Amino acid sequence: MSVSPSTSKDFIREIIDEDLSSGKHDTTVTRFPPEPNGYLHIGHAKSICLNFSIADEYGGRCHLRFDDTNPVKEDAEYVDSIKEDINWLGFDWADHIYFASDYFEKLYEWAVYLIREGKAYVDDQDADEIRNGRGNLQQPGTESPYRGRSVEENLTIFEQMKSGDFGNGEKVLRAKIDMDHPNLNMRDPVIYRILHEDHHRTGDAWCIYPMYDFTHGQSDALEFITHSLCTLEFENHRPLYEWFIENLPVPSSPRQIEFSRLNLNYTVMSKRKLLQLVEENHVTGWDDPRMPTISGIRRRGYPAEAVRNFCKTIGITKFQSVNDIALLENSVREILNKKSSRFMAVLDPIKVVITNYPDGETEELESVINPEDPSLGVRKIPFGREIYIERDDFLEDPPKKFFRLSPGAEVRLRAAYWIKCEKVIKDDDGEIVELHCTYDPATKSGQNPPDGRKVKATIHWVSAPHALNAEIRLYDRLFGEEAPDKKGGSFLEHLNPESLKVLPNGKLETNLAGVFPGETVQFERLGYFCADKESSPDTLIFNRTVGLRDSWSKAKKKT
RNA sequence: AACCCCGUGGUGUAAUGGUAGCACAACAGAUUUUGGUUCUGUUUGUCAUGGUUCGAAUCCAUGCGGGGUUGCCA
């Protein structure tokens with residue numbers, strides 16, 4: 001029996017379908033509304049992918065709008081990094097870039113409108129008094145003594161607030177809704193506060209600034225956003241969002257829909273904690289390859305396509321969940337396997353001398369650039385008497401299932417010959433410094449010897465005289481605990497001490513000289529590596545993006 | 001314990017009153033000049049109890065569990 005292809009949509013797209021077929025809307029407009037007060041992280045990527053993809057699928061548009069209503073926290077510096085990150089992810093807002101601060105004048109007018117309607121008042125109480133008056137989860141609130149001010153008086157004082165007649169916190173403007181409302185957001189929320197602070201865009205034009213709740217929905221309405229998608233923590237704000245839309249002469253009625261934010265195990269996602277990691281130097285910066293920031297992920301070498309696929313895979317729902325980082329890594333491997341060129345690199349080298357290979361001679365061998373895409377052709381690799389191999393690929397006293405090199409054993413060198421280990425050279429400390437091997441000329445480039453001998457493994461290598469030196473940075477997950485911020489104690493106690501291992505003595509195949517910073521390639525048998533932004537022809541630096549799946553290390557652990 | 005939201009394998013997500021499926025993870029095998037890739041197979045699930053119905057993951061009730069909300073942050 002044939003199964004019809006899955007056309008399942010998430011609940012948001014279902015709502016949009018209904019709104020379109022019912023004629024409520026004839027187009028779909030979404031928005032991504034970051035506050036320019038920090039760097040974007042993978043959690044934002046979920047929202048970006050959702051909003052821009054929907055606009056794309058429905059032939060609508062997605063606005064980029066900076067939610068910049070709090071000059072104390074925000075900075076122009078972040079605007080640029082946010083734009084860069086969204087672009088890198090592969091999305092384009094065209095000319096639809098907006099700032100909530102562009103609407104300050106309109107918002108002010110609407111605040112005045114509310115006052116005139118008797119639906120807003122100036123409160124002289126300080127922050128503590130307001131908090132106490134709001135009641136709590138069990139207790140209803142009590143009305144402010146200033147709640148009954150006349151429209152005229154409210155208008156006058158609000159005007160004075162705007163003119164700068166008062167200091168920070170002396171007065172606020174509040175919506176007059178319902179102090180008994182079970183939803184605390186509806187108990188006369190503050191909608192304007194006094195902040196004598198320069199704004200990154202409006203400078204000193206204002207000393208009163210609208211609150212998020214008084215800004216967001218109205219901005220949506222001004223931009224004719226049809227579906228305003230946000231995370232679950234704004235669920236309790238929806239009644240207020242709708243109250244403003246209903247009570248103000250706004251040009252459209254957007255609908256707020258909430259979905260659950262992205263959580264990933266083995267990391268933290270809150271801006272505060274990420275900031276702490278940076279400020280306390282647990283990482284080297286916002287773009288440290290271990291950070292879950294977009295810039296960190298980019299520097300790590302994750303392809304944008306993999307991030308997009310990941311976001312598609314995890315879906316959109318309303319329930320709180322924790323996604324396995326392995327799923328992200330799978331998306332990364334999937335893309336990189338298809339797209340990355342293969343090279344050989346030896347991270348921790350041992351010198352091998354092939355004693356029966358003519359001294360001073362070099363030959364050029366060929367190896368496929370990407371077996372997943374043979375049309376890419378082959379690359380040339382020099383081979384000679386002295387090569388490096390990986391220290392892990394030799395064991396003097398190998399366990400039963402170890403297929404690599406050991407005394408008397410034979411292995412294949414990738415794209416080259418079979419070699420057999422004849423002698424182990426050690427220094428005074430007993431450390432292995434060199435291996436003497438012999439090669440079989442009849443086994444060149446994948447040929448099997450006529451006598452029917454078999455080898456069980458192929459190892460990678462680099463010609464010693466041709467090798468490029470490089471620093472290799474081995475990254476692992478930043479935290480050793482699945483839920484570092486829930487485990488108890490400070491999340492910092494769960495930092496993985498081995499999240500970065502630097503190997504200063506890597507040896508690279510010559511072709512790797514042409515890799516540009518930011519490009520991710522495969523080091524055969526090891527993993528995917530990305531040339532770091534600090535890498536230069538003089539000092540090559542490669543970051544490990546993610547290792548290959550490694551069934552050998554798994555098997556090893558079991559015994 | 002006020003209000004709101006939410007419970008499907010280990011994880012994430014489908015099934016919209018009619019065969020509980022997919023991906024990841026795990027495990028086993030085949031193929032392989034990458035212990036990679038690819039392919040095949042296996043294990044594990046509807047929070048509970050009642051009700052409605054020929055039939056319930058889906059509808060209803062109650063209970064249980066998880067999350068959110070008491071900023072002049074967003």
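Proteins get letters first, then strands, A, B, ... in listed order; numbering begins at 1 in each. Only a predicted model underlies this, so the values are computations on that prediction, with no experimental measurement involved.
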Undergrad: Does the ring centre of A/Phe234 sit less than 6.0 Å away from the ring centre of A/Tyr212?
TA: yes

Undergrad: Side chains of A/Lys162 and A/Trp206: closer than 4.5 Å at any heavy-atom pair?
TA: yes

Undergrad: Please give the distance between the C1' atoms of B/rG55 and B/rC24 as a whole number of Å.
TA: 33 Å

Undergrad: Are A/Phe403 and A/Ile459 close enough that some pair of their side-chain heavy atoms sits under 4.5 Å apart?
TA: no

Undergrad: From C-beta outward on A/Asn236, which listed nucleotide comes closest to its side chain: B/rU69, B/rU70, B/rC72?
TA: B/rU69

Undergrad: Identify which one of A/Arg238, A/Gln256, A/Arg31 satisfies the side chain to side chain donor-acceptor pair (under 3.5 Å) criterion when paired with A/Ser228.
TA: A/Arg31

Undergrad: Evaluate the criterion salt bridge (charged side-chain N to carboxylate O under 4.0 Å, His left out) for residue pair A/Arg379 and A/Glu366; output intermediate values, then yes/no.
TA: CA-CA 6 Å; A/Arg379 64 191 200 273; A/Glu366 289 185 340; over 6 Å; no

Undergrad: In whole Å, what separates the P atom of B/rG63 from that of B/rA25?
TA: 42 Å

Undergrad: Are A/Phe529 and A/Phe343 near enough that their ring centres are under 6.0 Å apart?
TA: no

Undergrad: To the nearest Å, how far apart are A/Leu232 CG and B/rG67 P?
TA: 13 Å

Undergrad: When the C1' atoms of B/rU8 and B/rA74 are considered, how many whole Å apart are they?
TA: 33 Å

Undergrad: Ring-on-base stacking between A/Trp552 and B/rG35, under 5.5 Å between centres and under 30° between planes: is it there?
TA: yes

Undergrad: Please tell me if the side chains of A/Thr443 and A/Arg412 come closer than 4.5 Å, counting only heavy atoms from C-beta onward.
TA: no

Undergrad: Could you tell me whether the phosphate oxygens of B/rG36, OP1 or OP2, come under 4.0 Å of any side-chain nitrogen or oxygen in A/Arg333?
TA: no

Undergrad: Rounding to a whole Å, what distance do you find between A/Ile314:CD1 and B/rA14:P?
TA: 11 Å

Undergrad: Taking the side chain of A/Asp67 as its heavy atoms from C-beta onward, which of B/rA14, B/rG71, B/rA74 lies nearest to it?
TA: B/rA74

Undergrad: Could you state the OH-P distance from A/Tyr192 to B/rA74, rounded to the nearest angstrom?
TA: 12 Å

Undergrad: Roughly how many Å apart are B/rG41 and B/rU33, using the P atom of each and rounding to a whole number?
TA: 24 Å

Undergrad: Please give the stem ranges for RNA chain B, sorted by first residue number, where a stem is three or more consecutive Watson-Crick or G-U pairs and both donor-acceptor distances are under 3.5 Å.
TA: B:2-7 with B:64-69, B:10-13 with B:21-24, B:26-30 with B:38-42, B:47-51 with B:59-63

Undergrad: To the nearest Å, how far apart are A/Asp188 CG and B/rG71 P?
TA: 15 Å

Undergrad: Check the geometry between A/Phe319 and B/rG67 and answer yes if their rings are stacked (centres below 5.5 Å, planes below 30°), otherwise no.
TA: no

Undergrad: Where do A/Val122 and A/Arg149 come nearest, in terms of heavy atoms and distance?
TA: O-NH2, 3.0 Å

Undergrad: Taking the six-membered ring for Trp, are A/Tyr241 and A/His216 parallel (under 30°), tilted (30 to 60°) or perpendicular (over 60°)?
TA: tilted

Undergrad: Nearest to the A/Thr458 side chain among B/rA74, B/rG35, B/rA25, which nucleotide is it?
TA: B/rG35

Undergrad: Which of the following nucleotides, B/rU34, B/rG71, B/rG35, is nearest to the side chain of A/Pro371?
TA: B/rU34

Undergrad: Rounded to the Å, how far apart are A/Asp213 CG and B/rA74 P?
TA: 8 Å

Undergrad: So, is A/Arg134 close to the B/rG71 phosphate, meaning a side-chain N or O under 4.0 Å from OP1 or OP2?
TA: yes

Undergrad: For B/rA26 and B/rC60, measure between their P atoms and round to the nearest Å.
TA: 39 Å

Undergrad: Looking for any heavy atom pair under 4.0 Å, which part of the strands does A/Lys338 touch: base, sugar-phosphate only, or nothing?
TA: nothing

Undergrad: Which nucleotide wins on minimum distance to the side chain of A/Asn70, given the candidates B/rA2, B/rC27, B/rA74?
TA: B/rA74

Undergrad: Between B/rU52 and B/rU44, how far is it from one C1' atom to the other, in whole Å?
TA: 32 Å

Undergrad: Classify the ring geometry between A/Phe542 and A/Phe523 as parallel (under 30°), tilted (30 to 60°) or perpendicular (over 60°).
TA: tilted

Undergrad: Could you please name the option among B/rG71, B/rG36, B/rG35 that lies closest to any side-chain atom of A/Arg525?
TA: B/rG35

Undergrad: Given that A/Glu235 and A/Gln138 both sit by RNA chain B, which one's nearest nucleotide is further toward the 5' end?
TA: A/Gln138

Undergrad: Are A/Thr313 and B/rG12 close enough that a side-chain N or O sits under 4.0 Å from OP1 or OP2?
TA: no

Undergrad: Report the nucleotide, chosen from B/rU13, B/rC24, B/rC4, that has the shortest atom-to-atom distance to any side-chain atom of A/Ala326.
TA: B/rC24

Undergrad: Is A/Lys554 near enough to B/rA26 that one of its side-chain N or O atoms lies under 4.0 angstrom from OP1 or OP2?
TA: yes

Undergrad: If you take the centroid of each ring, where Trp contributes its six-membered ring, are A/Tyr146 and A/Tyr121 closer together than 6.0 Å?
TA: no

Undergrad: Check whether any side-chain nitrogen or oxygen of A/Arg13 sits under 4.0 Å from OP1 or OP2 of B/rA14, and answer yes or no.
TA: no

Undergrad: Does the separation of the ring centres of A/Phe66 and A/Phe99 fall below 6.0 angstrom?
TA: yes

Undergrad: Rounded to whole angstrom, note down the P distance from B/rC54 over to B/rU46.
TA: 26 Å

Undergrad: Would you say B/rU13 has OP1 or OP2 under 4.0 Å from some side-chain N or O of A/Ser8?
TA: no

Undergrad: Taking the P atom of each, how far is B/rA23 from B/rC47, in whole Å?
TA: 22 Å

Undergrad: Of the candidate nucleotides B/rC4, B/rA74, B/rG35, which contains the atom at the shortest distance from the side chain of A/Phe403?
TA: B/rG35

Undergrad: Considering every strand and a 4.0 Å limit on heavy-atom distances, what is the contact class for A/Lys73: base, sugar-phosphate, or nothing?
TA: base

Undergrad: Please determine, for the side chain of A/Asp126, which listed nucleotide (B/rU33, B/rG35, B/rC72) has the closest atom?
TA: B/rC72

Undergrad: When you measure from every atom of RNA chain B, which of residues 258-271 of chain A have a heavy atom less than 4.0 Å away?
TA: none

Undergrad: Is the distance from OP1 or OP2 of B/rU69 to the nearest side-chain N or O of A/Arg187 less than 4.0 Å?
TA: no

Undergrad: Mind checking A/Thr69 for me? I need base, sugar-phosphate or nothing, with any heavy atom below 4.0 Å counting as a touch.
TA: sugar-phosphate

Undergrad: Answer whether the closest heavy-atom distance between the side chains of A/Ile316 and A/Leu229 falls below 4.5 Å.
TA: no

Undergrad: Is the base of B/rG66 syn or anti, if syn means a glycosidic angle within 90° of 0?
TA: anti

Undergrad: Contact class for A/Arg342 (heavy atom, under 4.0 Å): base, sugar-phosphate, or nothing?
TA: base

Undergrad: Nearest to the side chain of A/Ala127, heavy atoms from C-beta on, is which of B/rA25, B/rG36, B/rC72?
TA: B/rC72

Undergrad: Starting from P on B/rU69, measure out to CG on A/Asn136 and report it in whole angstrom.
TA: 15 Å

Undergrad: Flag the pair A/Tyr302 / A/Phe310 as yes when at least one side-chain heavy-atom distance between them is below 4.5 Å, and no otherwise.
TA: no

Undergrad: Using whole Å, report how far CD of A/Gln256 lies from C1' of B/rU69.
TA: 14 Å

Undergrad: Check the phosphate of B/rG36 against A/Ser551, side-chain N and O only, distance under 4.0 Å to OP1 or OP2. Yes or no?
TA: yes

Undergrad: Given atom CG of A/Asn330 and atom P of B/rA25, what is their separation to the nearest angstrom?
TA: 5 Å

Undergrad: If you pin A/Leu137 and A/Ala416 to their nearest nucleotides in RNA chain B, which one's is more 5'?
TA: A/Leu137

